[in-house]
Amino acid sequence: MAEAHPVGFQWVMEAKKRGAKVIHVDPRFTRTSALADLHVPIRAGADIAFVGGLINYVLTTGKFFREYVINYTNAATVLTGDFADTEDLDGVFSGLDREYRLYDMETWRYQGEEVRPAVGQRSPEETRARPTREQLRQIRAAGRGERHGSGGAACHPSPDTDETLQNPCCVFQVLKRHYARYTPEMVAEVTGIPEATFQKVCELITENSGRDRTTAFVYSVGWTHHTIGAQNIRSASILQALLGNIGRPGGGVMALRGHASIQGSTDIPTLFDLLPGYLPMPHVYGNEDLSTYVAAETVQKGFWANTSDYMVSLLKAYWGDAATKDNDFCYGYLPRLTGSHSTFDTVLAQLDGVCTGYLLLGQNPAVGSANARMQRLGLANLDWLVVRDFSLTESATWWRNGPEIETGEMRTEDLKTEVFFLPAAAQTEKDGSFTNTQRLLQWHHTAVEPAGDARSDLWFTYHLGLRIRQKLAAAATEETAERDRPVLDLTWDYPVNGRLEEPDAQAVLAEINGWNSKGEPLSSYTQLKDDGSTTCGCWIYCGVYAGGVNQAARRVPGGQQNWIANEWGWAWPANRRVLYNRASADPAGRPWSERKALVWWDAENNRWTGHDVPDFIADRPPDYTPPDGATGVAAITGMDPFIMQNDGKAWLFAPAGMVDGPLPTHYEPQESPFANLLYGQQHNPVRQIISRPQNLYQPSGNEPGSDVFPYVVTTVRLTEHHTAGGMSRFLPYLAELQPAFFCEVSPELAAERGLEHAGWATIVTARSAIEARVMVTERIRPLRVAGRVVHQVGLPWHWGLNGLTTGDAANELTHLSLDPNVHIQEDKAFACDIRPGRRPRGPALRDLVRDYQQRAGITPQTGTQP
Amino acid sequence: MTQVENGQPDRAPGREGRGGRRRRRDDALMVPDAEFTSYYGRPVIKEPAWGVPDVPGYLFLGGLAGASSVLAAGAQVSGYGELARVAKVGALGAISLSAVALVHDLGRPERFVNMLRVFKPSSPMSVGSWLLAAYGPVAGAAAVSDLTGILPAAGTAATLGAGLLGPGIATYTAALICDTAVPGWHEAHREMPYLFAGSASCAAAGLGLLTLPPAAARPARTLATLAAPAELVAKRLLLRRLGDIAEPYETGRPGRLLRAAELLTVGGLAGAVLGRRNRAVSALAGASLLAASALTRFGVFEAGLATARDPKYTIIPQRRRRDRRGMN
Amino acid sequence: MSVSTSRGAPFASGPADGGLDPAARSGYADHPPRVGFFTDTSVCIGCKACEVACKEWNAVPEDGLELTGMSYDNTVGLGASTWRHVAFIEQPVVAAASTPAPAAAEGVRWLMASDVCKHCTESACLDVCPTGALFRTEFGTVVVQDDVCNGCGYCVGACPFGVIARREEDGQAHKCTLCYDRLGAGMEPACAKACPTESIQFGPLDELRERAALRVADLRAGGQAQAQLYLDDPDDGIGGGGAFFLLLDEPEVYGLPPDPVVTTRDLPNIWKHVGLAAAGLAATGIALGLGRRSG
């Protein structure tokens, strides 16, 4: 965190000053470790083994927060007897369809659903209407883990439970059994973490959790960029739920993001599978019209029960007056998913000639995306490419100085892509918001006007839209008129200011916030309706412009408010700073302890109150039980802190929502020198594979040829540079702080491979070979895994061929194998070879790579097995 | 390397070195078998920014000029007119070259006149600048008057004036280099002025011996017989004072320069005495003394730079001093 | 003509005011309290925001794009174009059996420290500057006037910490100004403002010294026996620093001199010997004049 979020890290230092202990888990000893109380060295990719070990410790020693677990998690929920765990199936769960690479979640359901239909809704038969295998694959490919059917609830709101936690089919026992083999010895063997260190972690976190103390987990890309990335996060949320740390001050599982507004880029998404506010993008199967969409996506209980309110209000924001009840509020204008349309699928579409045009807005895939070479080969197949950035990034210049020009694979004069470079305005040159890890929106104001032709993304998008609409309207024929309506009917009328005609960003914010039929700004998502009377561009952001005031621009200093500081910026939803904070009070509504009081029930005034905005129905008492037949928000009991879940509980076991298993399970990364010591199943069986000649995988574990790539390699960050380097390599003050691309290796690895400190090394994978300067340091330690020593190599991923400091890109080495829930690449754990000296130039580079491929016996099938 | 309790680290893996060879007086500068740590072997202080040959050249030329003015005054008063003239012209020539060297060494030569913005006794360079500002014209007047015969009385006054300022010119440069953080100079600050006075005198004497028949250069010879031994003794005392910091004075390139200088000084002295009836030997002796003086200044300069460059010369004596005071 | 030295009257015997008022000794009658830096390296995260903020504010040029191999330190050291320098020292740790700390049994310690000009109470660079370009401000800091300095370089060799240097591009000496322009506007220096963990603390020097004493006591009580303050003592060889530090190891580990003494302390003695040598030379001259030419 100190490396990638130095400013945020000041709060960790503040906590340390007040007595907090900081544990840092990382393959390398970084600047974070330097300030931590304990550094836990770990083999990259073995995180579930580690957290699973912590879960096992907590369960076997009984150090979980019993009252919290029984009341606020689904620990007591009983599953159907059909469920088979990894313990039964040597590493996979019941319902695995290996051929189609997906899980059928039928057997994961709560007991009682088949006898008790969704309350007040359809018959069980209708609810159970099943898609075909092919349809299910396309649904899964679009990442729709929360739905296992084409209609009905994901799980029943009131399942069978056993509060004694003894029923062998209850979640608690299933959990216990699942993690029983994650013993401290096993943790040491698989992760390389010394047993004494692991023991220390166990003691520290359990001593520091409970009524009086809470422990926070903070993670970032080191946990998400794996084929089991989403499960990594799940494992932490299970542990935290067992320790009673969710919804409590100083607790939680906090995601640090890769840049300043990635949270915002999923809230108001730039993702193919989401609409604003995490509404699912409609799929061609099961979401044919608005009513089937609503039926499929709504749950029985909780705030997702109001999906139609959110959806209709969104459609009104998009299409305004054109959206009416008669035309489904223009729902039909929305594109439909037919599978995965992630950035990587887009690259494949480029290679296949299907995608012929591309806009890169502040994105540098030629350096920043996994398998950079494949990215550039895709770019080379486009008819046109638009790059908007501050400087000429590698994605703008690959056609004249990219690695393929050097190797001779491409010749500039033969390339057909027409490349446009448009200068972009920096964040100091435009109004807008950042949404950070804490879901906090902070407004930023223009400090200076952009120079020359540089323009903001808002300006570009808005004015591009104006011109496209003009052209479409002018060229309209009978046939095209209907086709173009979705673009022409859009509300596209923001006010513009100044010489540059810059669209008013606050007007956009106001639209995101929404208004009622009288045009008055809304203040809460509970005001949203599905009758077309409300407009709201993003339901979770509703309230950010309450009263016509830009709440995100508030800057009341910390010294003038309480410690929650809810007058600085605005957090979604409803300015709640800690989500699910109902869980900070016991079932009776009293704080678990004075020390950790956050929100509590004020019986006198019949409301929830506290330091934070309560994340609960304001006037619902703790002892509230819903009447029979209650649905939606009315069905939430007074003791259901997890108001977005259908059963109101934190899910230790996830009956739906995760396409690769209800419980996190240790699988080896796509490429690993080790066989899975825990199960016969080596990899995540439903991980997304991209089988292309440009994306060959290496053999792993005991497969022949795996020893050709014996070292674990992980990509890392440095404080001095930023992501793919477009914002740092071109600046002298940053370039001089880290002026060369380097790899970090231990003295032992350096000795083994003849590497010299400050000399050169070549790192090779099945995709490519790169060169880096060598940093020999004791901060990377060899680990003992599976009875032998394993070395790890750390590669900063910031470098590319342009700028004041240049170097090969680490992403030349990475492969495309994705987490199936979120289509994220695995670049945090793979395998390589490393050798002294600089890499070959020209065609000899590809020869070297081919030589490695041959020695490892790599074929197009290698590593592709489920 | 000692292990420290409580998980504290061993001494940092910086450069480690050994110092100390001779056992001498107990002194912070005596460091038998010292270990030390540094930051990647980087220097602690900065090497002076002064350029070679500008500044060591100036040390030589300035010394030659100042001592020549003294010699000129003495020679004039005692009736050695040719020697006086040689010395005066030599002084003017040397101080003119000095001015060029000094201005050239400035980072902003066009701002040389800023040297006279203030007068700061705490800055040897300020004192020196004012000395030079006074001495230069006076030495010039003395030489010009002698060469042209114009205003002889003023010329004599100027000669005496230059003779009064001369010792300052010849010795303040010792303060200049010793009033720094450079260990090889600063720690020698008690002896350096005498070394410089002696070296300057030898140079002035050498100029006389080189250019004149021995009979006409008798005061020069006398000066040499007084100054050369004094210089050699001063140098010995200086090196003893420095202890282990003397290492660069005795090794490497500076060591070679200084050893050559010593030989040339001794040889020059011998030649001056033995050759007091032989023009050739006397002249050779004179050249030797001049060369020796130049080599001495260059040697001292480079030795000093070497003590700035290697962190051990700064760290070890200071560490000893600090430990001795009982800190930590 | 003005006289400006660290200690007012030349060769005064040292600060008599607890080393807190060099501005008064430089002739300021009515001046704000002395300010400076307390750099607590125990909370430095090595982010180098200080280096960048300083260069941005003061328009200091980039000065080197070479990988040094010195851990994460590619800045190397203070100089004419580096006024904040973060040092990185990696040290192996071998725990003694009796260690009570929860640290791992073996591992690494990584020291990180932001170095800066010390704005010495007795300041060698200020003392030796012949043009008066270097001067003492009303805040007690030491600043170079860019329009006066003629690049003589004397300050460079005089500084006991190797801070000030001549910049090749313009031939002049440059160093940290403690953001003199920002102080004048009531703001804190750029580096202190940018530092996210309050490793660099700015304020009145006496307050900083109090705070530092508490902090180092805290660290020692917590088992960090090597934690020490550096240049906080007005009785030390520079009269205490306007910028002082909390270190977690000996100064030389960080590239700092263990026992720096300002060269000016010896200047009276230096002038004495120069005087004696000059007198000796003058006497010799007189003696030569007393002889008479024969023939």
Side-chain angles (χ1 to χ4, degrees), chain B residues 3 5-9 12 37-40 42 44-46 48-50 70 73-74 77-80 106-108 111-112 114-115 117-123 125-126 129 163 167-168 170-172 174-175 178-182 186 189-190 193-194 197 219 222 226 314-315 318-319 321-322, chain C residues 1-3 5 10 70 77 87 89 91 93-96 99 101 103 109 127-132 148 150-154 156-160 162 165-166 171-172 223 225-226 252-255 257-259 263-264 266-267 270-271 273-274 277-278 280-282 284-285 288-289 291-293:
Chain B
Q3 207 162 299
E5 286 286 292
N6 273 353
Q8 295 301 321
T37 51
S38 71
Y39 187 69
Y40 302 98
R42 305 263 334 145
V44 172
I45 63 170
K46 291 236 187 306
W50 299 323
V70 173
V77 166
S78 61
Y80 285 85
L106 291 177
R108 295 292 298 267
R111 291 185 180 176
F112 70 92
N114 285 0
M115 292 302 194
R117 271 182 90 245
V118 298
F119 174 67
K120 278 172 71 167
S122 70
S123 169
M125 193 179 282
S126 176
S129 298
T171 54
Y172 95 89
C178 291
D179 190 24
T180 61
V182 177
H186 186 90
H189 67 261
R190 296 169 197 77
Y194 306 104
T222 310
L226 291 171
T314 303
I315 293 174
Q318 289 191 19
R319 168 51 51 189
R321 195 165 61 209
R322 183 174 158 135
Chain C
M1 207 181 296
S2 63
V3 181
T5 73
M70 290 161 43
I89 304 110
Q91 302 174 326
V93 174
V94 181
T99 177
R109 180 167 83 155
D127 288 343
V128 303
C129 176
T131 60
V148 173
N150 63 10
C152 79
Y154 201 174
V156 178
C159 173
R166 231 171 31 181
Q172 293 175 221
Q226 287 178 306
E252 54 265 45
V253 168
Y254 298 85
D259 190 32
T263 178
T264 319
D266 287 319
L267 192 55
I270 292 175
W271 281 136
H273 287 286
V274 164
L281 181 51
T284 309
L288 291 176
R292 271 289 169 268
R293 187 168 194 171

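The sequence lines fix the lettering, A, B, ..., with proteins before strands; numbering per chain opens at 1.
Inter-residue side-chain proximity for C:Met70 and B:Arg42 is flagged as met; some heavy-atom pair is nearer than 4.5 Å. B:Met115 is listed as a side-chain neighbour of C:Thr131, based on a closest heavy-atom distance under 4.5 Å. Between B:Ile315 and C:Pro258, the closest side-chain pair of non-hydrogen atoms falls below 4.5 Å. Side-chain contact between B:Arg322 and C:Glu252: absent, with no pair of heavy atoms (C-beta onward) separated by less than 4.5 Å.
Remark: the backbone N or O of C:Val128 is paired with a side-chain donor or acceptor of B:Ser123 at under 3.5 angstrom. The backbone N or O of C:Gly132 lies less than 3.5 Å from no partner atom in the side chain of B:Lys120, so there is not a single donor-acceptor pair. Side-chain N or O atoms of B:Arg321 include one that pairs as donor or acceptor with a backbone N or O of C:Asp259 at under 3.5 Å.
The candidate from B:Pro48, B:Ala49, B:Pro219 with the greatest count of non-hydrogen atom pairs under 4.5 Å with chain C is B:Ala49. With chain C as the partner, the residue from B:Val70, B:Asn114, B:Ile45 showing the most heavy-atom pairs under 4.5 Å is B:Asn114. Highest contact tally toward chain C, considering only B:Ser126, B:Ser78, B:Ala181, B:Pro193, is held by B:Ser78 [criterion: heavy-atom pairs under 4.5 Å]. Contact tally against chain B (heavy-atom pairs below 4.5 Å) for C:Gly77, C:Pro160, C:Ala165, C:Gly280: the top residue is C:Pro160.
Here the closest non-hydrogen pair linking C:Cys152 and B:Met125 is SG-SD, 3.5 Å. Between C:Thr264 and B:Asp179, the closest heavy-atom pair is N-OD1, 3.9 Å. The two residues C:Ala277 and B:Thr171 come nearest to each other via the heavy atoms CB-CG2, 3.9 Å. Contact between B:Arg117 and C:Val148 at its shortest, heavy atoms only, is NH1-CG1, 3.4 Å. Taking every heavy atom of both residues into account, C:Ala278 and B:Pro167 meet most closely at O-CB, 3.3 Å. Contact record, C:Pro257 with B:Thr314: CB-CG2, 4.4 Å, taken as the closest heavy-atom pair.
Rounding to the nearest 0.5 Å gives a distance of 6.0 Å between NE2 of C:His273 and NE2 of B:His189. How far CZ of B:Phe112 is from CG of C:Asn150: 10.0 Å, rounded to the nearest 0.5 Å.
With a 4.5 angstrom heavy-atom cutoff, B:His186 touches chain C only via side-chain atoms. For B:Arg190, the parts lying near chain C are the backbone and the side chain together; criterion is any non-hydrogen pair under 4.5 Å. Proximity to chain C involves both the backbone and the side chain of B:Ala175, based on heavy atoms less than 4.5 angstrom apart.
Between B:Trp50 and C:Tyr154, the angle of the ring planes lies from 30° to 60°, which puts this pair in the tilted group.
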